[in-house]
Structures are given as C-alpha cells and as structure tokens.
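Structure first, then comments.
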Amino acid sequence: MLLRRRTTSYFRNLTTETKQGSDYSKDQNFTHILNEICTITRTKPRWENTLLSQYPSFNFSNPNFFLHYLNHQNNTFLSLRFLHWLTSQCGFSPDQSSCDALFDALVDAGACKAAKSLLDDCPDFNPKPASLENYIRCLGKGGMVGDAVDVFFRLKKVGFLPLVSTFNVSLLACLKVGRTDLVWKLYAHMIESGVVGSIDVETVGCLIKAFCAEGKVFDGYELLRQVLEKGLCPDNTVFNSLIAGFCKESQYARVSEILHIMISMKCNPGIYTYQEVINGLFKRKKNDEGFRVFNDLKDRGYFPDKVMYTTVIKGLCDMGLLGEARKLWFEMICKGLVPNEYTYNVMIDGYCKIGDLVEAKKLYDDMCDRGYAENVVSYTTMISGLCLRGRVDEALSLFHEMSRKGVARDLISYNSLIKGLCQNGELVKATDLLHELLAQGFEPSVSSFTPLIKSLCEVGETGVAMRLLKDMHDRHLEPIASTLDNIIVGLCKEGNVAQGMEWLLKMISWKLKPKEQTFENLIDGLSQEDRLDDILIVLDLMFREGYRLKESIIHSLVSKFCKENFHFPKLCLEEFGERN
DNA sequence: ATAGGGTTAG
C-alpha cells in the first residue's frame, strides 16, 4: 500500500514536469491510445501480442512516448517489463530522462533488483549521483551489499562523496549479512575518500561490531575505550555486541566491566543487554550463574520479558530442574506474560528430555488449544521425544501428519527422525529417509549421516557405512570423532584390523580424539593377529591421548610380549611400571 | 533486534 502511494506521488510530480514540453499532450488521439496501452499492459497476461496486432503502425520507439507511459502507468514493475519489451522488440532506446524517472521510482519503491537490472540493461544510462546514493541505501536494505560497495566506487570515479550516514547504513547492512570483509573494504574506502574527519560514533560502532563478529572482541573493546576517551558514547547495541563477545570467551570480568561502563555513561543496560548476558551464560553452560543473574535482576526491580523467561526456563530444563522451570512458567503467567510457541516448546522439550511424555503431550495439546498451530519445530520436538522413548512408530505417524496438515518439513525434522529410526534399528527406513531428504533438494548436514553410519557399523555393515562416509567427504562434510570411532570398531569386528589402523592414523592426523574403547578394540584385534609392532604404535598413540591401559589388557599383553621374547621400548616399560 | 527442534553416548 505504502509502496504504491509513494510511487504514485512520484509520478504526479513527473507529470507536471513533462506536460509543458510535450507535443502529444494536446493530441486527444495519442492520449486515448496511451490509456489503451496502459490498460492492456495492466490487464492482459500476453499483452505483447495484443499491442502489436492492435497498433501495428504506432511509434513505440519515440522516447517521449515511454516517458508518458511512465506518467500514466504508475506501476514501476510493469514499466520495467514494458521497457524490456520496447528495447528488444521495437528498437527503442530509452533516453536519460526516461531512465532517470524509472530508476528513481524503482529505488523509491525499494526494488533494488529491478533497479539493478535497469542499470545492467542500459549500459549507457548514467544515473545522477544523488540517485545512486539512494540506490546504495536501497541495495543495503535488500541485503545486496556487494553491489552497494561497487556503487561507492562508481561514485568515487565521478568525484561524488556520499554522506557519512550513507556509509554508516551500508556498514550496518554489511554486518547484517555477515560480510565483515566488506565492512573493512568500505571503511578503507571512507578513509581514502577523505570523509575521515566526519567519521562519527556510529561508524566506530559498526567497526566495533565487526570486530566482535570476527571474534576479535578485544580489538573492539580497545576501540570502545578510544571512543569513550573522546567523550563519545556508542549506542546500546554496540555494548551488547561486546558483551555477547566476551560471554563467548567466558571473560565475565570484562562483561561486568562493560555493564559498569554503560551505567557510568548513563547508557543504562536495558532488558536486551541483560538478555545478552543471561543468554551468554546459558550458552556457555554456566546455567547456575545465569540463573543467579536472573534472580539478581528481579531483586533489583527489573521486569524480565517473555524472551528472558523463555531463555531461563530452557536453561533450567537443560539442567534437568523441571520443577524450577515449571515454577517460572507459572510466575510469568502471574505477571501477565502469556507463554507463546517458543515458551511452550522449551517446556515440552524439557519434559521430553526427562522422558515424561505424558506431561509433554498435555502441554502440546494445551498449546494447540490456545490457538498456536503445530509448526515444524513443535513437531520435531515431539518426534525426537517419542524416538527417545523408543516410540518410533508414533514419531513416524507424526512425521506423516506434518505433510497432511501442510507443515513443511525441514532438514532438522528429517535428521531427528533418521536418528530415531537408527536408534530403534530401523535402518532401511532411515536410509530411505536420507534418500527422500536428498530427493527433496535439502543439503544434508553432518547430523543426517552420523546416526546411520554408527548403526550400520554396529550391525556389521561397515562397507555401506564407509560409502556414506565417502559421500560426506564428497560433500565437504567433516565427520565428528565418534563416527570414525564407529568405523574403526566396525572394521575390527569384521577382522579388518589393518584398515582400522589406517583410519586411526588418519583420525589423529585430523586432530580428532579417538575413544579409549577404540584403542582397546584395535589392540585386541592386533594382538589376535600377533602384530606386536603395530600394538606398540597404537599404545604410543593411546598414551599420548592421555589414556591408561586396563589391568586385564596389561596382563594379556605382557604374556603375549614375553612369549614372543620381545624387547620393550622405554615408553611402554614406564607405563607398565607406573601401574606396579 | 533479542528466544524454540537435530550435534557424544548413555
């Protein structure tokens, strides 16, 4: 609605501007034809054919005609399509003023892709610098930050310097899509262009956020100190990024320092900042610490919002403290905060994880009664919960219900069910599901493969498992350590110890830590084949990983080595000595 | 703006 209004008023201005110099405006016949053309292009899906048959001799290639069309049409997207047609079918080449009008209208409507295609289609068209500056903002809003940066360089070539605020919104746009590389590129360009004097606190705020996003929180912090020394204070979002960054590095002293800076600068930390702190603590598994901060906040008179309650409830559920979580659930309701689908889901998941499916189902039904529709997340939560208790048939029927109710499945819902099927020995169904996932065009993740490979190894299908591992490799998916443990143990069980040994060496070269059990399986297999040299290699690697040998294995190894009259290397003697 | 489901094995 807004879009249409803005476009319309733009063309109203254009109309008054172009009426004066036009020969056609007095020509009733022309106006009539123009109206007809506008109507046809608006209403007929195949308007091209109609136009050519109805107006065979009309001069579509007159630039004035297109400008008039723009005035009447008031639909920038249709106008762009019409322009395509005119240029390709009627040899029309739009003049500067037509292009200007259309370009500005597209930018005004936020249609950055269309504006870009206009530029691409008309290489001779040179928009006014001010239009390009608006275009930059439009590209940023649309997330097309790479193109936005290119336009800055284009403006530089014609000697036009955009406003600092244009730079700033573009920097923010780059941050939003995670392109910190472009933040630095654009910043370097700012310095070169000579805006350095007018760089403001917002610019620096973007740089601090960029540092945080790249995990260089301390660089961001130093920059903050510099800004503060100049008596400037960035907005809360900048402080929040720093807090989130320091939480990630478990530097809680710094977190508290930032909070104090905020208070001293009168940028009082609000609910969002505390949300960041609590979230950071819970993400770093400092749940009880997070819970403490939460209670402190309440004591100090803060009113946690729904998001904060949801975060804390989830943290308590993860700790297995369902009773505490439930208390908070009722507390928030008492304060007038109605649980939403997020809150319901963490609570349902909490009950599923402790195996209380009855309570989980009760909440699930309650959620639906309150008008929250089942969605892909709530389905996946229940599917995982059912699988965890071995109720895989019910999980499967929920999965089918999803498509009946028109809830689109996603990668996680597939992965969850694959895992559940594997845990319950339904490998054929699990494999079918992996194929279905691929056929649906999803890009599989590590979690799509991990449970299948594990189960295949356990049932003696290590060959099939290794083909899947190869498939992962081809997709540039790196297996987790335990997947390789599974392969090695599987190979040992099949008597293929040599290949198991190869995988162990590969695993260690990839800096993945094998399990103790994996070493023990290999030693057992090698021992049966009397490959004493290889046993020593495995023992060496095992000790380096910090494992110790079990008593029973020591005994069998010692007698084995003695029987072979083998010379013990120093390392093994030390290890054996330690135990005696 | 911030929050929810898969990601060790048991």
Side chain to side chain donor-acceptor pair (under 3.5 Å) between A:N415 and A:S448, worked out: CA-CA 5 Å; A:N415 289 354; A:S448 318; 2.8 Å; yes
query: Does the ring centre of A:Y344 sit less than 6.0 Å away from the ring centre of A:Y364?
result: no
- prompt: In terms of ring plane angle, is the pair A:F294 and A:F291 parallel, tilted or perpendicular, where the classes change at 30° and 60°?
  reply: parallel
Atom pairs and distances, side-chain donor-acceptor, residues 319-328 of chain A, under 3.5 Å, sequence neighbours left out:
unit_1: A:E324; atom_1: OE2; unit_2: A:K327; atom_2: NZ; d: 3.4

query: Can the ring centres of A:Y302 and A:Y274 be said to be less than 6.0 Å apart?
result: yes
query: Would you say the side chains of A:S165 and A:R137 form a donor-acceptor pair under 3.5 Å?
result: yes
- request: Would you mind telling me which of B:dA3, B:dA9, B:dG4 lies closest to the side-chain atoms of A:K314?
  value: B:dG4
query: Among the nucleotides B:dG5, B:dG6, B:dA3, which one has an atom lying closest to any side-chain atom of A:N279?
result: B:dA3
- request: Ignoring the backbone of A:S416, work out which of B:dA3, B:dG5, B:dG6 is nearest its side chain.
  value: B:dG6
task: May I ask you to evaluate whether A:K515 reaches the phosphate of B:dG10, defined as a side-chain N or O under 4.0 Å from OP1 or OP2?
output: no
- request: Between B:dG10, B:dA3, B:dG5, spot the one nearest the side chain of A:K454, thanks.
  value: B:dG10
query: Does anything in residues 458-479 of chain A reach DNA chain B, meaning a heavy atom under 4.0 Å, and if so which residues?
result: none
task: Answer with base, sugar-phosphate or nothing: what part of the nucleic acid does A:K176 contact at a heavy-atom distance below 4.0 Å?
output: nothing
task: Side chain of A:T380 only, please: which of B:dG5, B:dA1, B:dA9 is the nearest?
output: B:dG5
- request: Could you check whether A:V346 gets within reach of a base, just the sugar-phosphate, or nothing at all, counting any heavy atom under 4.0 Å?
  value: sugar-phosphate
field: From B:dA3, B:dG5, B:dG6, nucleotide with atom closest to A:V307 side chain
entry: B:dA3
message: At less than 4.0 Å, is any side-chain N or O atom of A:S482 found next to OP1 or OP2 of B:dA9? Yes or no.
response: yes
query: Rounded to whole angstrom units, what separation is found between the OH atom of A:Y414 and the C1' atom of B:dG6?
result: 15 Å
message: If the threshold is 4.0 Å, N to carboxylate O, is there a salt bridge linking A:R389 and A:E394?
response: no
message: From CG of A:L337 over to P of B:dT2, roughly how many Å is that when rounded to an integer?
response: 19 Å
task: Give a yes/no verdict on a cation-pi contact between A:K314 and A:Y342, requiring under 6.0 Å between NZ or CZ and the six-membered ring centre and an angle within 45° of the axis.
output: no
query: Once you round it to whole Å, what is the distance between C1' of B:dA3 and CE of A:M332?
result: 11 Å
query: Hey, does A:D485 reach any base, or is it just sugar-phosphate, or nothing, if we go heavy atoms under 4.0 Å?
result: nothing
field: d(NZ, A:K353; C1', B:dG4) in whole Å
entry: 11 Å
statement: Looking only at B:dG6, B:dT8, B:dA1, the nucleotide nearest the A:S384 side chain is B:dG6
query: At under 4.0 Å between heavy atoms, what does A:E276 touch on the DNA or RNA strands: base, sugar-phosphate, or nothing?
result: nothing
- prompt: Under 3.5 Å, is there a donor-acceptor pair between the A:D485 and A:Q517 side chains?
  reply: no
task: Using a heavy-atom cut-off of under 4.0 Å over every strand shown, decide if A:I480 touches base, sugar-phosphate, or nothing.
output: sugar-phosphate
message: Salt bridge or not between A:R370 and A:D366? Use side-chain N to carboxylate O under 4.0 Å.
response: yes
query: Is the base of B:dG5 touched by the side chain of A:N415 through a donor-acceptor pair closer than 3.5 angstrom?
result: no
Pair A:S527-A:D524, side-chain donor/acceptor within less than 3.5 Å: no
task: Select one nucleotide: of B:dT2, B:dA9, B:dG6, the one nearest the side-chain heavy atoms of A:Y272.
output: B:dT2
- request: Have a look at A:T450 and say if it touches a base, only the backbone sugar-phosphate, or nothing, with a 4.0 Å heavy-atom cut-off.
  value: nothing
task: Decide yes or no, distance alone: a donor-acceptor N/O pair under 3.5 angstrom between the base of B:dA3 and the side-chain of A:N340.
output: yes
query: Nearest-Å distance, OH (A:Y372) to C1' (B:dG4)?
result: 13 Å
- prompt: Base, sugar-phosphate, or nothing for A:K513, non-hydrogen atoms under 4.0 angstrom?
  reply: nothing
- line: When rounded to whole Å, the CG to P distance for the pair A:N345 and B:dG6 reads 9 Å
- prompt: Taking atom C1' of B:dA1 as reference, at what distance in whole Å does atom OH of A:Y342 sit?
  reply: 12 Å
query: Which listed nucleotide (B:dG4, B:dG6, B:dG5) is nearest to the side chain of A:S413?
result: B:dG5
query: Are the side chain of A:H400 and the backbone of A:L396 linked by a donor-acceptor contact shorter than 3.5 Å?
result: yes
- request: To the nearest Å, give me how far apart CG (A:N486) and C1' (B:dG10) are.
  value: 14 Å
query: Tell me, which of residues 387-406 of chain A have any heavy atom that sits under 4.0 Å from an atom in DNA chain B?
result: none
